[in-house]
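Please read the structure below before turning to the comments.
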Amino acid sequence: MSKSYRHGQILNVIRSHRILTQEELAQELKKLGILTTQVTLSRDIRELRLVKTREGYRETSAEEAGPQFPILAAEFLLDVRAAQNLVVLKTAPGHANSVAVALDNEEWPEIVGTIAGDDTILVIAPEAATATRIRNKLLALLKT
């Protein structure tokens, strides 16, 4: 298992559970089949810049957040099409990656994931109806 996968699972756990201690985090990761030592977990928490609050571990805000998705979409998004459970976004050449990262940072719950090329982004939804809703949401965003 890679470190990046473990980091992703740690973020998933703290986003969906109230985790107050490293032991609780280790137990939740164990349920996912991820065994880790306390030393590794401490390092992961530091690298992910997690902070311990009264409500449990939380992510700190990014020090240098890039442009917000609505700004990038208005500037570079050229077309939005739904196909089954997928939404295909066409961007100006060379801008798909930055638009996809900004969309990922929006953390829309209806989006399973994105894949970006040079001028195309594939947005994956759990089913066709959700893909249509995502398309409509994106088109409405572009009209504002």
Side-chain angles (χ1 to χ4, degrees), residues 1-36 40-41 43-144:
M1 163 195 358
S2 71
K3 177 170 135 178
S4 61
Y5 176 78
R6 188 177 64 247
H7 280 191
Q9 295 310 301
I10 289 170
L11 292 174
N12 286 340
V13 167
I14 68 157
R15 289 172 182 159
S16 61
H17 296 82
R18 185 173 185 218
I19 303 294
L20 297 172
T21 66
Q22 286 186 16
E23 179 60 31
E24 289 176 14
L25 180 56
Q27 290 300 318
E28 290 298 320
L29 291 172
K30 186 177 180 181
K31 290 177 188 176
L32 298 172
I34 301 170
L35 301 177
T36 185
T40 299
L41 201 52
R43 187 178 327 113
D44 290 341
I45 288 169
R46 186 175 54 255
E47 289 174 359
L48 290 168
R49 291 189 293 231
L50 301 179
V51 293
K52 193 173 185 179
T53 69
R54 289 182 192 171
E55 293 79 36
Y57 282 101
R58 296 285 175 246
E59 297 171 82
T60 56
S61 59
E63 294 170 24
E64 278 191 38
Q68 297 296 314
F69 176 71
I71 295 168
L72 290 175
E75 177 97 16
F76 301 115
L77 198 55
L78 305 176
D79 193 17
V80 181
R81 296 181 184 194
Q84 298 294 329
N85 69 314
L86 308 173
V87 181
V88 179
L89 310 180
K90 294 297 283 183
T91 69
H95 294 286
N97 193 35
S98 58
V99 173
V101 168
L103 180 56
D104 288 341
N105 289 339
E106 292 287 309
E107 295 182 356
W108 291 5
E110 61 267 42
I111 295 177
V112 175
T114 61
I115 300 172
D118 181 62
D119 64 353
T120 305
I121 303 165
L122 181 64
V123 179
I124 304 159
E127 71 277 322
T130 303
T132 300
R133 284 195 303 274
I134 291 169
R135 178 184 178 273
N136 293 339
K137 187 174 177 179
L138 288 166
L139 290 174
L141 182 68
L142 293 177
K143 291 178 184 176
T144 60

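Only a predicted model underlies this, so the values are computations on that prediction, with no experimental measurement involved.
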Quick one: [atom1] on [X] to [atom2] on [Y], what's the gap to the nearest 0.5 Å?
| X | Y | atom1 | atom2 | value |
| --- | --- | --- | --- | --- |
| Leu138 | Asp79 | CG | CG | 11.0 Å |
| His95 | Leu89 | NE2 | CG | 15.0 Å |
| Ile134 | Asn136 | CD1 | CG | 10.0 Å |
| Glu47 | His7 | CD | NE2 | 4.5 Å |
| Gln9 | Lys31 | CD | NZ | 14.0 Å |
| Leu122 | Ile115 | CG | CD1 | 5.0 Å |

Note, [X] side chain near [Y] side chain (heavy atom, < 4.5 Å):
| X | Y | result |
| --- | --- | --- |
| Leu103 | Leu72 | no |
| Val13 | Tyr57 | no |
| Glu106 | Ile111 | no |
| Ile10 | Thr36 | no |
| His17 | Glu24 | no |
| Leu29 | Leu41 | yes |
| Leu35 | Lys30 | yes |

Identify the heavy atoms of [X] and [Y] that sit nearest to each other, and give their distance.
| X | Y | value |
| --- | --- | --- |
| Ile19 | Glu28 | CD1-CG, 3.7 Å |
| Glu55 | Arg58 | O-NH2, 3.3 Å |
| Gly117 | Ala96 | O-CB, 3.2 Å |

Discussion item. Quick check on side chain to side chain contact (heavy atoms under 4.5 Å, CB included): which of Val101, Leu141, Asn105 does Phe69 satisfy it with?
Written reply: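 It is Leu141; the other options fail the test.
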Would you say the side-chain atoms of [X] pair up with the backbone N or O of [Y], donor to acceptor, closer than 3.5 Å?
| X | Y | result |
| --- | --- | --- |
| Asn85 | Ala125 | yes |
| Asp118 | Gly94 | yes |
| Arg81 | Leu86 | no |

Worksheet item: Stepwise, does the side-chain contact (heavy atoms from CB on, under 4.5 Å) test hold for Leu50 with Asp44?
Response: CA-CA 9 Å; Leu50 301 179; Asp44 290 341; over 6 Å; no
